[in-house]
Every structure is written in structure tokens, then in C-alpha cells.
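In this text the structure is predicted, and so the values were computed from the model without any measurement.
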There are 2 protein chains.
Amino acid sequence: MNDLCLTNTLRLLQSADQIKARLSGDFASVHGLSVNEVFLLLHLEQAPLHRLSRVELAKRMHVSASTVTRMAAPLEKIGVVARQTDERDARLAFVVLTESGLEKVHEARVTFTKQAGYVFRDRWTQEDLEQLSGLLHRLIADAPGNLT
Amino acid sequence: MNDLCLTNTLRLLQSADQIKARLSGDFASVHGLSVNEVFLLLHLEQAPLHRLSRVELAKRMHVSASTVTRMAAPLEKIGVVARQTDERDARLAFVVLTESGLEKVHEARVTFTKQAGYVFRDRWTQEDLEQLSGLLHRLIADAPGNLT
DNA sequence: GCAATGTACTTGCATATGCAAGCAATATGC
DNA sequence: GCATATTGCTTGCATATGCAAGTACATTGC
């Protein structure tokens, strides 16, 4: 039982590393973005008003606040996100998706979908996929920022 | 169908990030190792003669060769791995697990198993776990260096 | 046998990231 | 209301990592 938990955890992490390695090449060449940058944009896309505070982004991406600060800077420079302050709380500095950023994330989603298709290309039935989807959902259902 | 592939890929990557974040704290405090270092040791543990060349390690870990070179250095310094050359091919520089390294990896496996138990702690039946195990296995079955 | 090519590893440089400290604004206790 | 604590963000420093170039060795083609 516990060994099965270990097996599953190892397989999950190894699968993720493998998939991430495949994705990173594509995003870099097609969109000039890293996998993590695409995830940041996806989080903003699904957020109300297409914006999130930096700490909220950090929590959802499982990175530190400083990482979000530093990831946002170049994304601002290329115009896909902007900085927005809150009227009530001057500490808050939202990261908000721009029009251009919304386009970018739609393009990235196409690439992502295509690559995701390759990952499961062989011998995966609709039923298999739904089964996996359901099981994985249980791992992230309670966490904030589920992108699915 | 393709959307299901995307959903699964997103969920897989998000689950992995979440789990990795949980693990990293534990390995650091309990063993003084990073998650990636533990994976390196696990790869060596399961390899014939408990050793692998640096490029082989790089492939299995989905990192660059230079990363392996640099990861091995501090691990050598603390004595858990050693460098070993090949008689036939002087280019090869194996990373080999020492006795101390073997102990370390057994300890780390205990921690890993415990944390893996927490990940699946609630409402996961034996059958659920076996189902997930089987599905994830198909994602990494063909890749070299499956740790399970 | 030797030149050309390929492979294994290392290193310099650039980027990415976490932690701890610092700063500014808000919230809390009294 | 004011001192203290907390929160959100940024920055300095250390570590981690990839890419490209360099080095040493092996393999191939002739």
C-alpha cells in the first residue's frame, strides 16, 4: 500500500519531468516563452478580470514570491502582462493579462494541446484518458489554482 | 479527446509541482539533499553496479550533461558518490554510489515513502492506487530509467 | 595509419529561483 | 490613536541549470 504510494509518486514525478522536457523546446521555439511563463499566463487567463496578485500567483504556481516578481518583469516588457494597483490596498500589485497576452495564451494553448496529444498518442482510449483525468483531479482538487 | 489530453497534461504537471514542493522541504531538512539529488541517487541505486555514466544519468533525469557534472561534485564531497573511470574508454567517468551513499538512499526512501503516503492519504483505495499506477506506467514505460 | 567525425565530459556565461532582509502599507490590540 | 504585528512586494546573495565552446578520447573512412 505504502509502496504503491511511493511508486505512484515516483512515476508521477518522472512523467512530469519527461513531459516538461518535451514542452520546453516547443514553447521556446514557437512562442519565445518558457513552460513556467505559459503556466503563469494560463493562471491569469482563468482568473477573474484576468488578474492575480503576486502572492496569489506564487501560491498557485508553487514558487516563491520573488520568482513571480522576476517572471513578471520580462513579460511586462514584451507587453503580455501589465501591472495594476488596487485602490483599497496599496500593497497589492496585480499582474494582469493584456489583450496581446490573451492572444499569446490562446496560441500557446494550441501548441500545448498539440503536444499533449502526442504524449498520449498511442493506445490511449477515451476511457483511459477519463480515468486518468479523474484520478489526477483528486490530487489537485483541493489546491487553489487548478487550471482544468 | 484532445482537450482531455490537455487536461491530463495540465493536471499531471500541476500535481507534480505540488508534490515536489512538499517533498523538497522534507529532504532538505531530514537528509540535506534536494529532490533532484535524491533522484540521482535512486537512479544509481537501481543501476547495475550502482553506477552510471554522466550522459546516461543526464538522459534518465531529463537534465543536461553539465547539470550532472555539477550535481555530482557536492555529492562526491560529502562521500555518497565517487568517480570511477572505464578501462576500455577513457572518456567515460561513471558516477558510482558509495556504501555511505547506499545508506543515504535507503534513508531517503523511507522519507519518500512516508511523504508519498501523505499525498494519497485520504480516500484512496488499493484499487485506485493500482489504477493510477498502471496509467502512469504507460507514460514512462518506454523511457530509459524508470525508477519503479 | 591518419584525417575527419563523433562522443563524453567540463567550463564560462546567462538565466532562473529560493531565502532572508528590507520597505511600505494595512490590520490588530490596547 | 498609536505601537506592534502582519502582509505584499522587491532586492542582494547564493545555488541551480541550460547552452555553447573547449578538451580529450574513440570511431570511421579511406
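The line from OG1 of B/T7 to CG of A/L129 is 9.5 Å long, rounded to the nearest 0.5 Å. The distance from atom OG1 of A/T9 to atom CD of B/Q115, rounded to the nearest 0.5 Å, is 9.5 Å.
Between B/R138 and A/D128 a salt bridge is recorded (basic side-chain N to carboxylate O distance below 4.0 Å).
A/V63 comes within 4.0 angstrom of the backbone, heavy atoms only, and of no base.
Taking atom NE2 of A/H62 as the reference point, atom P of C/dT17 lies 14 Å away to the nearest angstrom. Rounded to a whole Å, the CG atom of B/N36 is 10 Å from the C1' atom of D/dT17. Per the geometry, CD belonging to B/E87 stands 16 Å off C1' belonging to D/dC25, to the nearest Å. If you measure from atom CD of A/Q84 to atom C1' of D/dC9, you get 16 Å, rounded to the nearest angstrom. Put simply, CG on B/D86 is 14 Å from C1' on C/dC9, counting in whole angstrom units. Protein atom CZ of B/R88 is 18 Å distant from nucleotide atom P of D/dC25, rounded to whole Å. Look at CZ on A/F39: it is 17 Å from P on C/dA16, rounded to the nearest Å. For the pair B/M61 CE and D/dT17 C1', the interatomic distance rounds to 12 Å; values are reported in whole Å.
For DNA chain C, no neighbouring residue in residues 13-22 of chain B is found when judged by any heavy atom under 4.0 Å. Within a heavy-atom distance below 4.0 Å of DNA chain C, the residues of residues 44-58 of chain B found are B/S53, B/R54, B/V55.
In terms of heavy atoms, A/H43 sits closest to A/L52 at O-CD1, 3.8 Å.
Annotation for A/V96: hydrophobic cluster partners, listed by chain and number, are none (ILVMFWY side-chain heavy atoms under 4.5 Å, direct or chained).
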Just the atom pairs and distances: protein N or O near nucleotides 4-7 of chain D's N or O, under 3.5 Å.
from: D/dT7; atom 1: O4'; to: A/R91; atom 2: NH1; distance (Å): 3.4
from: D/dT7; atom 1: O2; to: A/R91; atom 2: NH1; distance (Å): 3.0

Protein and nucleotides 19-22 of chain C: nitrogen or oxygen contacts under 3.5 angstrom:
from: C/dC19; atom 1: N4; to: A/S66; atom 2: OG; distance (Å): 2.9

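The environment of CD in B/Q126 is crowded: more than 12 heavy-atom neighbours from other residues, nucleotides or ligands sit within 6.0 Å. Remark: A/R123 CZ is loosely packed, at most 12 non-hydrogen atoms of other residues, nucleotides or ligands lying under 6.0 Å away.
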Tell me which donor-acceptor pairs under 3.5 Å the side chains of residues 31-41 of chain A have, and how far apart each pair is, sequence neighbours excluded?
from: A/H31; atom 1: NE2; to: A/T111; atom 2: OG1; distance (Å): 2.6
from: A/S34; atom 1: OG; to: A/E37; atom 2: N; distance (Å): 3.1
from: A/E37; atom 1: OE1; to: A/S34; atom 2: N; distance (Å): 2.9

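Counting only residues at least two apart or in different chains, salt bridge (Lys or Arg N to Asp or Glu O under 4.0 Å) contacts with residues 2-13 of chain B are absent. Residue pairs meeting the salt bridge (Lys or Arg N to Asp or Glu O under 4.0 Å) criterion with at least one member in residues 85-95 of chain B, sequence neighbours excluded, are B/D89-B/R91. Residue pairs satisfying the ring pair (Phe, Tyr, Trp, His ring centres under 6.0 Å) criterion with at least one member in residues 120-148 of chain B, sequence neighbours excluded, are listed as follows: B/F120-B/W124. The list of salt bridge (Lys or Arg N to Asp or Glu O under 4.0 Å) pairs with a residue in residues 66-79 of chain B, not counting sequence neighbours, reads B/R54-B/E76.
The residue among A/V68 and B/K59 whose nearest nucleotide of DNA chain C lies closer to the 5′ end is B/K59. Residue order along DNA chain C, read from the 5' end via each residue's closest nucleotide, puts B/T69 first among A/P74 and B/T69.
Legend: residues meeting side chain to side chain contact (heavy atoms under 4.5 Å, CB included) with A/S53, ordered by chain and number and at least two apart, are A/V55, A/E56, A/L92, A/F94. A/S29 meets the side chain to side chain contact (heavy atoms under 4.5 Å, CB included) test with no other residue; sequence neighbours excluded.
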